[in-house]
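Heads up, the thing below is written out as structure tokens.
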Amino acid sequence: MSKPATMRRMPLIAHVDVNCFYASAERSFDPSLEGKPVVVLSNNDGCAVTRSPEAKALGIPLGEPWFKLAPRAKEWGLVALSSNYELYGDISARVMELLGRYSAWLEVYSIDEAFLGVKGTPDELLALGRTMKTAVRRNVGVPVCVGIAATKTLAKLANKWAKNNPAFDGVCHWDSVAPADRESLMGRLSVIEIWGVATRLTKRLNVLGIHSILDLSRADPVMIRDRFSVVMMRTVLELQGTPCIPMEEERIGRDQLIFSRSFATSITTAAGMRQVLSVYGQQASARLAKHGLQAKVLTAFAGTSHFNPKDTSYPSVCVPLPMPTADPVLLTRAAHTLLPHISEGVRYARAGIMVTDLRPTGNQAPLALFENPHEERRVGTLLDDVTRRYGRGSIGLGHAGIRGGPDWTMKRDMLSPRYTTHWDELPLVKAA
DNA sequence: CTGGGGTCCT
DNA sequence: AGGACCC
């Protein structure tokens, strides 16, 4: 007798992610951090984006600004580190390579998370989860948890449960848990814990009397689609065990590139803004060239601080480029069209540019008439070109070209070594 | 003194 | 174009 369809073993989703990834990555190379409260700071040493369990236990909220933490760091024994993306990127690649050995169906979802298509009996799945967890710990040195369920949304929820409940030992197979326990969990957790639901949607759901994940899982998907969106309907169906969010193919290329920074000291003059926009133009050019892409549209923007609600100003311009280009001269010129919208004396806390409508270089067959005279030149020539056109100091690699300009460079005062990617920063191992 | 880079849907 | 979400 064949099993009913619902009993047949369908492929499931395993969600694997690294516990407090940046802090764990730092720890894997500096064992002296073990057991200490550690936070990793955002760009500019702005705020705590990752906390070790000890830092969480101190009650440090996610996103807490460093200037509020700094005065108490010593008393807490708190270690703060600037984010070291080179290190994290390298560790991430090693984790993903390892996970790829356990399933050919791997979707790298973010720097520290992956979904894997998996099959097997409940016992086999639990064993697979434990194997992956142990392997990553042993081979890469960072802790992961695993959630396994019929849908991505439930797999992420199972993972969160595994992280927060030591009884799981880091691996939760949703369907192996007693239904009453699952309902109890879903009844206790707010909808804001679900993937895809944040503060705005939580408020709107609450108005309808939907507070817990259990409430949402019992809502009528069609009503949810009508009152919210297909996205939220998919979430409801996924909570009910119906897969709606498919595994994705690896994306090649991007739809947009953004270059944007907050300034260590705000910019108050058009001249200062011109310099910053020039650097972004050059960076955009270099990145587009690296990916073999050209842009058709450039948006430039600036803004005052969100944290100072008076005299706010968020000027922006959207510039269609005359032809798809990665040329720093054209990009910089387009970025400079923001300048007439910049008011002297206004304190701009950040600025940036975004290039969109990207396409592979050389995909079009341009008429010679419209060819860009700068397109064929080499980078060195291009930099000379920009400097000649816009004046010394208008552009440069990093901040080298804007000496004497405002201090808008990134603050990274507590950077750890790039242990794995730079020979001169390799960790030293002392044999006993 | 409070990050930066993305995607998708309406 | 803007608003929501993600990490």
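What you see is a predicted model, and the numbers here were worked out from it, not measured in a lab. Just so we're on the same page: letters track the sequence lines, and every chain starts at 1. Values below: every heavy atom of this structure, side chains too, minus hydrogens, waters and symmetry copies.
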### Query
For A/Phe228 and A/Asp255, take the nucleotide of DNA chain B holding the closest heavy atom to each; which residue's nucleotide lies nearer the 5' end?
A/Asp255
### Message
By nearest atom, which of the nucleotides B/dG3, C/dC7, B/dT7 is closest to the A/Val49 side chain?
### Response
B/dG3
### Message
Measuring only the P atom in each nucleotide, how far is B/dT2 from C/dC7? A whole number of Å is fine.
### Response
24 Å
### Message
Between the side chains of A/Glu54 and A/Arg27, is the shortest nitrogen-to-carboxylate-oxygen separation below 4.0 Å, so that they form an ion pair?
### Response
yes
### Task
For residues A/Trp195 and A/Phe115, establish whether the separation of their ring centroids is below 6.0 Å.
yes
### Query
If you check the A/Arg200 side chain, which of C/dC5, B/dG6, B/dT10 turns out closest?
C/dC5
### Message
What contact category does A/Arg234 fall into here, base, sugar-phosphate, or nothing, at under 4.0 angstrom with non-hydrogen atoms?
### Response
sugar-phosphate
### Task
Check whether any side-chain N or O of A/Arg251 sits under 4.0 Å from OP1 or OP2 of B/dC8, and answer yes or no.
yes
### Query
Hey, does A/Thr199 reach any base, or is it just sugar-phosphate, or nothing, if we go heavy atoms under 4.0 Å?
sugar-phosphate
### Summary
When rounded to whole Å, the CD to P distance for the pair A/Glu113 and C/dC6 reads 11 Å
### Task
Answer with base, sugar-phosphate or nothing: what part of the nucleic acid does A/Leu41 contact at a heavy-atom distance below 4.0 Å?
nothing
### Task
With heavy atoms under 4.0 Å as the rule, sort A/Leu69 into base, sugar-phosphate or nothing.
nothing
### Task
Output yes if the stacking criterion (under 5.5 Å between centres, under 30° between planes) is met for A/Trp66 over the base of B/dC1, else no.
no
### Query
Are side-chain N/O atoms of A/Asn84 and A/Ser416 paired as donor and acceptor at under 3.5 Å?
yes
#### Entry: A/Glu238 and A/Lys156 ion-paired at < 4.0 Å
no
### Task
Would you mind reading off the distance between A/Lys68 atom NZ and B/dG3 atom C1', rounded to a whole angstrom?
16 Å
### Query
So which nucleotide from B/dC9, B/dT7, C/dC7 ends up closest to the side chain of A/Val230?
B/dC9
### Task
Could you tell me whether A/Glu64 contacts a base, only the sugar-phosphate backbone, or nothing, with contacts defined as non-hydrogen atoms closer than 4.0 Å?
nothing
### Query
Thinking salt bridges, do A/Glu107 and A/Arg251 make one under a 4.0 Å N-O criterion?
no
## Note on the structure
Side-chain contact check for A/Asn44: nearest option of B/dC9, B/dG6, B/dG4 is B/dG4
### Query
The side chain of A/Ser262 lies closest to which of these nucleotides: B/dG4, B/dT2, C/dC5?
B/dG4
#### Entry: Interatomic distance where CD1 belongs to A/Ile252 and P belongs to B/dT7 [whole Å]
13 Å
## Note on the structure
Here the distance between atom C1' of B/dG6 and atom CE of A/Met354, to the nearest Å, is 11 Å
### Message
If you only use heavy atoms from C-beta on, which nucleotide in C/dC5, B/dT7, B/dC9 is closest to the side chain of A/Ala198?
### Response
C/dC5
### Query
A/Lys156 side chain N/O closer than 4.0 Å to the phosphate oxygens (OP1, OP2) of C/dC7?
yes
### Message
Is it true that A/Thr242 and A/Gln240 share a donor-acceptor pair across their side chains at a distance under 3.5 Å?
### Response
no
### Task
Figure out the CZ/C1' separation between A/Arg227 and B/dT10, and round it to whole Å.
18 Å
#### Entry: Nucleotide of B/dG4, C/dC7, C/dA4 approaching A/Asn43 most closely (side-chain heavy atoms)
B/dG4
### Message
Does B/dG5 have its OP1 or OP2 closer than 4.0 Å to a side-chain nitrogen or oxygen of A/Ser260?
### Response
yes
### Message
Regarding A/Arg72 and A/Glu75, does a basic nitrogen lie under 4.0 Å from an acidic carboxylate oxygen?
### Response
yes
### Task
Let me know, please, whether A/Gly46 or A/Glu248 comes out on the 5' side of the other along DNA chain B by nearest nucleotide.
A/Gly46
### Query
Among the nucleotides C/dC7, B/dT10, B/dT2, which one has an atom lying closest to any side-chain atom of A/Ser229?
B/dT10
### Query
Whole-Å distance between B/dT2 P and A/Leu62 CG?
17 Å
### Query
Taking only side-chain nitrogens and oxygens of A/Arg350, does any of them come within less than 4.0 Å of OP1 or OP2 of B/dT2?
no
#### Entry: Any A/Arg261 side-chain N or O less than 4.0 Å from OP1/OP2 of B/dG3
no
### Query
How many Å lie between NE2 on A/His15 and C1' on C/dC6, as a whole number?
11 Å
### Task
Would you kindly give the CH2-to-P distance between A/Trp195 and B/dC8, to the nearest whole Å?
12 Å
